[in-house]
**Student:** 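Mind having a look at this structure? Questions to follow.
Given the structure is predicted, the values throughout are model-derived calculations rather than measurements. One-based numbering, in listed order, for ligands and for the atoms of each.
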Amino acid sequence: MTDNSRLRIAIQKSGRLCEGSMDLLKAIGVKLSIRDRLLIAHATNLPIDLLRVRDDDIPGLVMDGVVDLGFIGENELEEKMLERQALGKQHQFQTLERMEFGGCRLSIAVPNEFDYQGAQSLAGKKVATTYPYLLERYFKEQNINAKAVMLNGSVEVAPRAGLADAICDLVSTGATLEANGLEEKEVIFRSKAVLIQRAGDMPDAKQKLIDKLLTRINGVMQAKESKYIMLHAPKGRLDDVKALLPGAENPTLLPLAGSDERVAVHVVSTETLFWETMEKLKALGCSSILVLPIEKMLG
Ligand code: ATP
Ligand code: MG
């Protein structure tokens, strides 16, 4: 029997979203004892169960309310949403947070020898894809009379195999396309991983736990974008120093032993410090300039 009082989170069991989701859960303090082949993993320090499934199943599990949360690529989520909408099935959910991992784009690519003069060149053509609903939506928006052909795998070999004239597939570097003699022509969807929540009432205790996890997730994401900067600066140039450090309105100033003219400046900067800025700081007379990563932030 499944325990309904525990928060159920669906994540991809293995694949491109797995590492990002697991790393994030670890960073927000969810301790897991994962045994490789098991569908369910229990957190040992919080009332959380992880459901480890194929990414295709995650949107449906959330939209049917079988799990409370899920980590999923926006491409897969949007495709399943459109499919369920078309079939008249439940397709409600709430997006809690866009993640910094799982970035990719869904693009139309054509064989090198295709005489491509813009999207209208696809008129009357067959385009192989795993995302027929997203592709059909694009065709409709662009007023292109083309046909989406559903293929679950090996999309990139479809033109060579004579199954389609072009393809619409996920791309990150473009190396796979190139290796298959294909050229990327249109980006139809840009995707990242998102954390989604099921629609409907959430028991108080679960909602509190979700809020706590979200605060921690924001803390981890904010920390990634921030740096802790330490430097020694001449007292007379503090305003110029502050002007060079983004987000440094209220730096901590500490006296330096044996020096009346210089102080130590400590600051959390919202941007990474570029070499150019560090060189400018040095030109202002600053020394011992250190830029440190921050692991977690709260408040
Ligand atoms: P599963 O066995 O879970 O069904 P899969 O083969 O469908 O796995 P993966 O290849 O692991 O899926 O990709 C999962 C998700 O990762 C994609 O839906 C997409 O959101 C994201 N992703 C990021 N970069 C890429 C990429 N270069 N190619 C494909 N997907 C990518
Ligand atoms: Mg899949």
Side-chain angles (χ1 to χ4, degrees), residues 8-25 32 34-41 49-64 66-67 69-84 89 91 93 95-110 127-138 148-159 164 166-197 217 221 224:
R8 251 181 270 168
I9 308 178
I11 66 160
Q12 189 188 24
K13 184 167 189 211
S14 67
R16 289 190 160 98
L17 299 178
C18 185
E19 194 183 327
S21 320
M22 292 302 292
D23 284 354
L24 184 73
L25 288 171
L32 294 158
I34 287 201
R35 269 186 288 149
D36 237 16
R37 273 173 316 190
L38 288 188
L39 170 68
I40 287 211
D49 290 339
L50 277 197
L51 220 71
R52 303 162 69 224
V53 293
R54 289 198 56 177
D55 74 332
D56 316 48
D57 294 333
I58 295 173
L61 288 170
V62 173
M63 291 174 199
D64 287 333
V66 178
V67 297
L69 305 180
F71 286 101
I72 183 68
E74 288 169 310
N75 54 308
E76 198 64 48
L77 176 64
E78 188 83 356
E79 176 71 13
K80 286 292 188 303
M81 212 238 334
L82 293 173
E83 182 185 348
R84 286 180 150 242
K89 281 194 186 167
H91 56 273
F93 66 92
T95 300
L96 298 180
E97 194 79 58
R98 199 167 194 233
M99 300 292 137
E100 284 305 324
F101 61 89
C104 59
R105 53 193 190 271
L106 184 63
S107 292
I108 294 177
V110 301
V127 183
T129 188
T130 314
Y131 300 93
Y133 283 93
L134 285 171
L135 182 57
E136 296 278 8
R137 181 172 74 181
Y138 172 80
V149 181
M150 172 70 175
L151 266 189
N152 260 317
S154 311
V155 174
E156 65 284 353
V157 301
I167 69 158
C168 174
D169 206 2
L170 294 175
V171 186
S172 49
T173 62
T176 312
L177 293 182
E178 203 179 316
N180 285 283
L182 297 162
E183 280 171 36
E184 185 177 2
K185 294 297 185 190
E186 314 286 343
V187 177
I188 74 162
F189 193 82
R190 288 189 190 276
S191 180
K192 278 194 175 174
V194 280
L195 176 61
I196 56 171
Q197 178 175 335
I217 288 174
M221 295 194 359
K224 275 212 182 101

**Student:** Has T173 got a side-chain atom pairing as donor or acceptor with A175's backbone, closer than 3.5 angstrom?
**Tutor:**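 A pair under 3.5 Å: yes.
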**Student:** Listing by chain and number, what protein N/O/S atoms are under 2.8 Å from the Mg ion (ligand 2)?
**Tutor:**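 The answer is D55 OD1, D56 OD1.
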**Student:** Within this structure, what is the CD-CG distance for the pair E184 and D169, rounded to the nearest 0.5 Å?
**Tutor:**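 Nearest 0.5 Å value for the CD-CG distance: 10.5 Å.
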**Student:** Relative to the heavy atoms of D56, which atoms of ligand 1 are at a distance of less than 4.0 Å?
**Tutor:**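 Per the distance check, 4 (O), 7 (O).
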**Student:** For atom 16 (O) of ligand 1, what is the nearest protein heavy atom, given as residue, atom name and distance?
**Tutor:**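 Ranked first by proximity to atom 16 (O) of ligand 1 is R16 CB, 3.5 Å.
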**Student:** Looking at K89 and E83, does any basic side-chain N land under 4.0 Å from a carboxylate oxygen?
**Tutor:**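 Looking at K89 and E83, the cut-off is not met.
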**Student:** So for atom CZ, which belongs to R98, do other residues, nucleotides or ligands contribute more than 12 heavy atoms lying within a distance under 6.0 Å?
**Tutor:**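 Yes, enclosed.
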**Student:** Without swapping roles, check the side chain of R8 against the backbone of V66 for a donor-acceptor pair under 3.5 Å.
**Tutor:**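 Yes, R8 side chain to V66 backbone: donor-acceptor pair under 3.5 Å.
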**Student:** Taking only heavy atoms of G73 into account, list the atoms of ligand 1 that are under 4.0 Å away from them.
**Tutor:**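 By the 4.0 Å cutoff, the relevant atoms are 20 (O).
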**Student:** Starting from the C-alpha separation in whole Å, work towards a yes-or-no answer on side-chain contact (heavy atoms from CB on, under 4.5 Å) for N75 and K80.
**Tutor:** CA-CA 9 Å; N75 54 308; K80 286 292 188 303; over 6 Å; no
**Student:** By number and element, which atoms of ligand 1 are closer than 4.0 Å to a non-hydrogen atom of S172?
**Tutor:**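 Counting atoms of ligand 1 from 1, those under 4.0 Å from S172 are 26 (C), 27 (N).
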**Student:** Check N75 against ligand 1 and report side chain, backbone, both or neither, counting heavy atoms closer than 4.0 Å.
**Tutor:**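 It is the side chain that gets close, since no backbone atom is under 4.0 Å.
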**Student:** Checking S172 side chain against C104 main chain: does a donor-acceptor pair fall under 3.5 Å?
**Tutor:**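 No; zero donor-acceptor contacts below 3.5 Å.
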**Student:** So does K192 pair up with E100, basic N to acidic O under 4.0 Å?
**Tutor:**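 Yes, this pair counts.
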**Student:** Answer with side chain, backbone, both or neither: which part of Q12 has a heavy atom less than 4.0 angstrom from an atom of ligand 1?
**Tutor:**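 The answer is the side chain.
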**Student:** Check ligand 1 against G15 and write out every atom of the ligand that is under 4.0 Å from a heavy-atom position of the residue.
**Tutor:**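 Numbered from 1, ligand 1 contributes 11 (O).
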**Student:** Using a 4.0 Å cut-off to any heavy atom of R54, which atoms of ligand 1 qualify?
**Tutor:**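 Those of ligand 1 that fall under 4.0 Å from R54 are 1 (P), 2 (O), 3 (O), 4 (O).
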**Student:** Tell me the protein heavy atom at minimum distance from atom 30 (N) of ligand 1, and give that distance in Å.
**Tutor:**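 The protein heavy atom lying closest is L170 CD1, 3.3 Å.
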**Student:** Do you know the tightest heavy-atom contact between I58 and F71?
**Tutor:**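 The answer is CD1-O, 3.4 Å.
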**Student:** Looking only at heavy atoms of G103, does any of them come nearer than 4.0 Å to an atom of ligand 1?
**Tutor:**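 Yes, G103 has heavy atoms under 4.0 Å from ligand 1.
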**Student:** Please list, in number order, the atoms of ligand 1 under 4.0 Å from a heavy atom of L17.
**Tutor:**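 With L17 as reference, the close atoms of ligand 1 come out as 15 (C), 16 (O).
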**Student:** Nearest protein heavy-atom contact for atom 7 (O) of ligand 1: which residue, which atom, what distance?
**Tutor:**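 The answer is D55 OD1, 3.1 Å.
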**Student:** Has Q12 got a side-chain atom pairing as donor or acceptor with L17's backbone, closer than 3.5 angstrom?
**Tutor:**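 Looks like yes, one N/O pair under 3.5 Å.
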**Student:** Can R137 and E78 be counted as an ion pair, charged N to O under 4.0 angstrom?
**Tutor:**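 Here R137 pairs with E78 in a salt bridge, since their nearest N and O are under 4.0 Å apart.
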**Student:** So, the side chain of D57 versus the backbone of V53: is there a donor-acceptor pair under 3.5 Å, distance only?
**Tutor:**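 Not a single qualifying donor-acceptor pair exists.
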